[in-house]
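Chain identifiers are assigned alphabetically (A, B, ...) following the order of the sequence lines, protein sequences preceding nucleic acid strands; residue numbering begins at 1 within each chain.
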Amino acid sequence: MPKPKIAFYWCASCGGCEEAVVDLAEDILGVVEAVDIVLWPVAMDFKKKDVEAMPDKSIVATLFNGAIRTSEQEEMAHLLRRKSQVLIAYGACAQMGGIPSLANQFSRDQLLRFVYEQAPTMADEPKSRPQTSFQNNGHALTLPQFRNVVRSLDQVVEVDYCIPGCPPTPKITKAAVGAVLEGKLPPKGSVLAPDIALCDQCPRKGSKPADLSFTQFKRPHMVKLDPELCFLAQDVVCMGPATRGGCESVCTRGNMPCSGCFGPTSRVRDQGAKMLSSLCANVAAKEEKDITQTLSGIPDPVGTFYRYSLASSLLRRKVDLPIDAKKSS
Amino acid sequence: MRDTHWQPRIVAFFCNWCTYTAADLAGVSRLKYAPNVRVIRLMCSGRVDPQFVLDALARGADGVLIGGCHPGDCHYVDGNYKTLRRFQLLKRLLADMGVEQVRLRLEWISASEGERVKSVINEMVEQVRALGPLNLPGRFADWDREMTELEANIRTGEEQSARKEPEAAHA
Amino acid sequence: MKYSYFPGCSLKGLGRAYEESLLPVMKHLGVELVELEDWNCCGATAYMSVDEAKAGVLAARNLAIAEKTGPQDLLTPCSACYLVLNKTKHNIADFPEIKDTVHHALGVANLTYTGATNVRHPLDVLVHDVGLDVIKEKVVRPLKGLKVAPYYGCQLVRPYATFDDAWNPTTMDRLLATLGAEVVHYPLKTKCCGGSLTGTVPEAGLRLTYILLKEAVRRGADVIATICPLCQFNLDAYHDQIDRHWGPTRIATVYFTQLMGLAFGLSPKQLGLKRNFVPMKELPAQSATV
Amino acid sequence: MNTNGTNGNNGNNGDIRIGFYICHCGHNIAALVDCPAVAQYADKLPGVVVSRDYKYMCSDPGQELIQQDIREHKLNRVVVASCSPLLHEHTFRDAVAAGGLNPFFFQMVNIREHDSWVHTDPAEATAKAKSLAHAAIRRVRFHKALEMTRVPIHPDVLVVGGGITGIHAAITLANAGKKVFLVEREPSIGGHMAKFDKTFPTLDCAACILTPKMSAVRSHPNITLWTYSEVVKVEGYVGNYVVTVKRKPRYVNEELCVGCQECIKACIFKEPKFPDEFNVGLSKRKPVYIPFPQAVPQVVVIDPERCIQVKTGKCKKTCLEACADRQAIDFTQKEQRVEIKVGNIIMATGFKLFDAKRIPQYGYGLYPNVVTSLELERLVTSSGPTGGEIILRDGRHPKSVGFILCVGSRDMKTNRWCSRTCCMHSMKLAQLVREHTHADVTVFYLDIRAPGKGCEEFYDKSLKEGIQFVRGRVAEVTDWALAREEEGKLVIRVEDTLAGFVRRIPVDMIVLAVGMEPQADAQEVRRMFNMSCGTEGWFLEKHPKLAPVSTFTDGVFIAGCCQGPKDIPDSIAQAGAAAAEALALIDKGYIEQEPNTAFIVEEDCSGCKSCVPLCPFTAITFDATKQKAQINAALCKGCGTCVAACPSGSIKQNLFDDEEIFSEIEGVLAHA
């Protein structure tokens with residue numbers, strides 16, 4: 001019996017998710033043993049046409065990481081959807097837009113202008129922006145189109161499962177791959193991680209007081225963080241209460257607060273709104289100006305509460321941004 | 001661009017004890033106000049989950065009005081303070097997300113202030129009307145239009161390959 | 001402290017003693033007044049009763065100039081001006097037709113009025129902005145033993161009781177007490193002085209003036225303090241006629257700013273006190289010796 | 001009709017079968033909302049099996065219609081679009097239950113108070129009704145079968161305020177065998193009525209009818225009377241209030257004092273020196289005093305602000321000597337706080353009189369012969385400071401008296417409301433003045449309001465007795481004369497609106513009929529007892545007609561003038577009504593409450609404790625063993641604040657769960 005075919009693909013991501021696969025360490029040998037990796041651009045040489053040549057649904061599962069920012073990524077998403085029996089959004093970017101989707105606070109023009117014209121490191125004169133097509137010596141070169149909006153994978157194609165995390169841990173990756181191979185998958189649409197918030201497993205849980213009553217908020221760089229005390233008890237925003245567990249508390253063990261990469265539980269539609277609701281309710285002040293004062297410790301609510309989930313949040317993107325119809329890449 | 005038939009749609013979350021009762025009083029007093037508000041009754045303004053506000057906007061509301069008891073008057077002691085705190089940060093969040101300030105409003109309206117229900121609703125409807133539609137469902141659709149051409153191409157491609165499929169299967 | 005200053009016609013004419021005392025008193029207290037450039041008639045009560053919209057244009061031009069040149073607080077000593085300017089502010093805010101007329105007219109003159117100008121009376125500014133403590137410090141000749149009837153007239157607190165009670169204003173009472181004067185209980189403090197009736201129906205107007213004078217005398221006042229040029233004139237100028245009708249009721253009527261000047265030790269000549277028909281009695285001896 | 005709908009979330013069988021009913025409410029709704037069109041629209045919505053419009057849904061046939069449809073069409077959800085749920089939700093829930101369905105499979109749509117009554121455009125009102133109906137139809141899918149929760153009622157009652165209203169309520173309850181705590185701020189009960197001479201319109205003696213009731217309070221075995229005491233804290237909820245009462249030290253042991261008043265005679269102050277509160281300052285008292293001869297309890301009180309011993313500890317304490325062996329005087333007394341448990345509370349905190357100084361042009365406080373109606377009341381009383389003689393401050397008898405009505409009532413500048421009693425009260429005083437002094441009496445009024453039983457007849461009697469009535473709001477009271485007959489008198493200037501000219505009327509004495517106002521601390525008190533106030537500041541009743549003595553807080557009732565100005569008969573009627581409401585709850589033994597409580601899904605809770613401090617009723621606790629939060633349903637009041645705050649969405653709320661609200665949002669925004 002032929003080995004099941006597995007694919008890995010990456011889009012707008014940092015490469016961390018690829019690292020996570022490699023982080024399976026010796027276990028990756030077991031995976032390689034059990035499956036036939038038919039596509040893994042970061043590690044092996046495959047061409048798009050190789051994938052196109054595969055029969056539809058011939059890949060048992062594709063682990064797809066990264067958000068969707070360009071037309072090429074969209075195209076690959078569609079292609080892999082067609083070729084895969086199970087399409088898994090792998091990591092926070094594919095699941096929720098991830099950090100790349102913080103760019104949904106800016107228009108395409110703002111981004112291109114900054115990156116290609118205004119960035120202090122930009123030496124190119126005259127400042128030029130990349131084009132989707134370019135003629136040189138009779139050769140036509142093309143680049144994919146840079147979209148106006150960063151999207152999570154499920155905003156482009158239908159997704160069967162999500163493996164959360166920035167990046168996902170080897171443990172849940174292994175468990176998910178195992179589940180796929182054994183055909184023991186939960187109902188479609190599930191997130192393959194525990195459906196309980198991080199605090200449940202956080203080693204600092206016991207140190208969290210019952211009454212926080214915030215009078216101020218501090219950002220992690222402003223305090224010498226106590227290595228054992230609950231971050232919220234140190235007035236530092238920790239997204240743990242609003243974030244799915246399963247990450248083995250790697251951040252809180254590493255003395256950094258949770259920033260929310262595992263996304264919300266299944267019972268929550270908008271991770272940021274929920275965290276905001278919970279934190280604000282626990283602010284001590286009653287007078288308007290005192291409340292403002294306390295909350296001024298959170299200077300960037302979008303970046304704080306939606307660090308990984310802006311694309312999949314209820315508003316998705318800064319709503320008054322223009323849609324640039326020009327086909328600049 | 002401005003649709004002349006467009007009417008602002010405002011979703012309101014009113015607490016049972018003060019603002020909802022005040023709205024009932026406005027009715028009993030036969031005060032007349034703009035018909036653009038749809039009230040959802042909650043027991044306390046403290047029940048207003050910021051998700052409700054975002055969801056209402058995302059589903060097409062042009063504004064959201066939250067009505068609670070005056071500070072110190074909450075039927076549940078201090079639920080309205082929790083609302084006030086959430087409201088403050090939510091308002092900043094909305095500003096960062098490009099939603100105009102007047103589209104979210106928090107008002108303390110006691111059970112006896114039927115007149116205030118009228119004036120607040122009328123004022124908010126006019127302010128929102130002056131801003132024009134928020135129309136997030138429409139904006140979402142506009143944003144996603146950039147994907148349609150590619151999707152159409154892919155669909156054609158799929159249809160072609162579907163026709164070829166039997167051969168591929170044999171190969 | 002700095003204010004725009006709208007003198008109005010009275011303070012340059014019949015009521016010049018008011019300006020003559022107001023300016024040095026304000027200066028003495030360190031309050032800077034910037035007279036509006038090219039100000040015009042306030043719109044006057046008479047014009048207002050003929051055509052409110054057009055009278056509003058006249059008044060609004062002054063408000064618009066103040067708004068343009070600043071400061072936004074416009075000191076308006078004359079009660080009639082104070083009322084007309086305030087009324088215009090309200091009219092523009094409340095009546096769209098008047099607002100349109102005014103805006104149109106101002107537009108022709110390249111002026112705009114947004115409502116930013118505050119019309120302030122010197123009494124309000126002195127008591128609420130400068131403060132009685134500061135005023136008290138400046139008193140070098142307390143008006144000890146001087147019995148003063150505080151008389152506000154009708155326009156300062158009606159219909160817009162912006163800084164004091166409409167029926168029983170007390171700002172000037174407190175100010176006079178700070179100067180060391182003995183304030184006489186004078187329940188007629190907002191009664192009509194006769195106003196323009198004295199010119200049109202003298203027997204009615206003069207009778208009203210007479211009641212004010214008679215009651216001030218009966219209550220033992222040495223002098224009546226007023227804040228309005230027309231009141232001052234009515235109470236000061238008709239003693240002969242009043243005496244002929246009802247018997248003598250001689251009492252001087254002066255501006256409250258004149259009393260302030262005296263208490264500050266400024267010279268009576270400087271304060272326009274010589275302009276009174278019925279001269280104010282010398283200050284009682286003990287205060288003169290201070 | 002439509003029979004689709006597949007959501008399996010109903011707890012019955014898989015099918016959702018919704019019945020939708022829209023009520024015309026006669027013309028109240030149908031005049032503006034096109035009810036048949038709404039019914040047609042609803043009929044096409046998913047899950048709707050029956051959709052009808054009907055003239056009066058709350059009527060018996062209307063309710064029967066629902067029940068019949070439940071049986072015939074196997075409905076498992078019902079939506080009624082009619083009036084406010086605050087009015088008729090329970091009616092329709094009962095109807096649904098009578099039809100054999102759990103009453104909570106019901107949702108109500110408010111298209112009267114929130115729609116037809118407040119809008120003018122039929123098309124817009126109809127569109128609004130459709131979208132509200134749509135929301136309810138979506139929402140009702142998620143409803144679950146629930147049970148009302150029962151809360152037991154503690155049988156004891158607290159009555160706050162010992163005026164005639166509180167006295168009557170306390171006696172009524174005590175006679176029914178209930179234990180009553182009566183708390184009064186002043187040293188004696190009796191309130192305003194104790195200060196009155198006679199009562200209108202019968203002119204019977206106020207003391208004669210009040211004193212026996214005051215004595216009954218003192219002697220009743222079921223009444224615990226705490227005077228000189230104030231409620232400082234109220235916790236708990238209907239049936240189970242825990243109230244803290246502050247008992248101010250009166251420096252006299254109430255058990256030991258027999259009211260012999262020897263101490264008063266012996267006081268180091270030989271003469272009374274301080275204004276006597278009971279006589280509104282018209283007479284003097286000593287630092288040790290008894291508020292008035294009929295005071296209940298008959299116990300002296302020592303004024304800590306005046307008593308030298310209390311203030312400095314350096315008095316000869318002649319009072320102690322006079323008290324001798326009784327040893328009732330106790331300068332070591334301290335303020336006490338007592339906690340009591342009661343099931344119901346009746347508020348009878350009364351009113352305060354308008355301060356006539358707020359209208360300076362009437363000269364109160366300036367001219368000695370301008371008095372308030374209450375001051376005159378004390379003057380005409382035979383037990384008053386003048387022994388019932390009406391005299392001016394200089395000892396003369398007035399030859400002419402003017403009554404100015406509506407002082408601080410029906411006045412845009414002060415209070416807009418009618419104080420209801422002043423017309424009658426003034427006419428009563430006017431008759432007494434005539435009787436006592438034969439003076440000329442003129443009453444200046446805006447309208448004479450004499451609607452009570454026997455009151456119009458009393459007005460007739462006043463006219464016949466030669467009392468003059470001048471209609472017009474008095475402009476001012478002055479002391480300056482224009483004519484000889486005005487010299488030395490107070491002159492009332494008034495526009496006589498019937499005669500059509502301005503008059504000056506000189507009199508010797510002026511009586512200001514001051515109106516009633518909410519107590520100065522009404523706002524703090526209502527917060528403490530979790531009540532509302534109307535814009536004027538009176539305690540707000542739950543419904544102006546149907547629930548006039550109830551408040552929005554179950555188990556807290558209001559009676560008498562704290563709810564608004566009223567006369568003695570009306571106050572007593574309300575006292576009885578409030579007592580009856582409390583009795584009904586006590587005798588039933590329990591109250592049913594909305595099951596809108598929140599609960600934590602244990603396996604979902606991460607134990608983050610974010611919710612724990614949010615509950616003002618301490619219903620949320622953290623289970624250290626399970627490392628999860630939990631909600632005590634008995635303490636939960638259903639506000640839902642914790643539900644909104646749970647960062648992982650692990651708290652749910654009956655009747656107001658996330659899905660229910662999200663579906664409503666979706667519904668109101670679905671295009672009609």
Side-chain angles (χ1 to χ4, degrees), chain A residues 191 193-214 230-233 237-247 249 252 257-258 260 262-284 286 305 309 314, chain D residues 8-9 138 142 527 598-632 635 637 639-654 656-666 669:
Chain A
V191 175
D195 200 6
I196 187 164
L198 174 62
C199 297
D200 180 58
Q201 52 174 237
C202 178
R204 299 177 188 232
K205 179 176 177 181
S207 67
K208 186 175 184 187
D211 188 356
L212 283 167
S213 223
F214 297 109
C230 171
F231 292 104
L232 290 165
V237 175
C238 174
M239 288 287 286
T243 304
R244 203 182 268 269
C247 61
S249 318
T252 60
C258 170
F262 264 53
T265 66
S266 64
R267 304 171 292 279
V268 170
R269 297 189 184 195
D270 189 293
Q271 184 184 15
K274 261 301 191 189
M275 190 63 202
L276 178 152
S277 181
S278 165
L279 274 190
C280 291
N282 277 300
V283 162
K286 287 194 155 189
F305 299 127
S309 66
L314 285 166
Chain D
N9 206 352
R138 276 179 186 255
F142 295 98
R527 283 202 183 113
F599 58 96
I600 293 175
V601 182
E602 198 179 292
E603 61 267 30
D604 292 345
C605 173
S606 75
C608 78
K609 303 182 205 152
S610 303
C611 56
V612 177
L614 298 181
C615 182
F617 308 104
T618 59
I620 313 181
T621 49
F622 187 71
D623 183 330
T625 329
K626 289 183 179 161
Q627 288 286 303
K628 309 263 180 188
Q630 52 190 208
I631 293 177
N632 179 345
L635 293 177
K637 298 272 169 299
C639 67
T641 299
C642 60
V643 189
C646 176
S648 64
S650 306
I651 309 183
K652 291 174 141 324
Q653 185 183 9
N654 289 326
F656 293 94
D657 204 22
D658 278 357
E659 286 143 343
E660 289 167 336
I661 297 160
F662 278 127
S663 63
E664 252 187 293
I665 296 171
E666 204 178 337
L669 290 168

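Using non-hydrogen atoms only and a strict 4.5 Å limit, the part of residues 620-629 of chain D facing chain A consists of D/Phe622, D/Gln627, D/Lys628.
Between chain D and the options A/Arg267, A/Arg269, A/Gln271, heavy-atom pairs under 4.5 Å are most frequent for A/Arg267. The candidate with the highest count of non-hydrogen atom pairs below 4.5 Å against chain D, out of A/Ala281, A/Pro209, A/Ala210, is A/Ala210.
Under the rule for a side chain to side chain contact (heavy atoms under 4.5 Å, CB included), the partners of D/Lys637 that lie at least two apart in sequence or sit in another chain are B/Tyr76, D/Tyr237, D/Phe617.
The residue from A/Cys202, A/Cys199, A/Pro194, A/Pro241 that alone fulfils the side-chain contact (heavy atoms from CB on, under 4.5 Å) condition with D/Ser606 is A/Cys199.
Here the side chain of D/Ser648 pairs no donor or acceptor atom with the backbone of A/Thr265 at under 3.5 angstrom. When atom types are taken as modelled, the side chain of D/Lys609 and the backbone of A/Asp211 share no donor-acceptor pair closer than 3.5 angstrom. A distance-only check finds a donor-acceptor pair linking the side chain of A/Asn282 to the backbone of D/Ser610 [under 3.5 Å].
Residue contact with chain A, scored on non-hydrogen atoms closer than 4.5 Å, involves the backbone and the side chain of D/Ser650 alike. Proximity to chain D is absent for every atom of A/Arg244, based on heavy atoms less than 4.5 angstrom apart. D/Cys605 touches chain A through its backbone: at least one of N, CA, C or O sits under 4.5 Å from a heavy atom, while the side chain does not.
Minimum heavy-atom separation, A/Met275 to D/Pro647: SD-CB, 4.4 Å.
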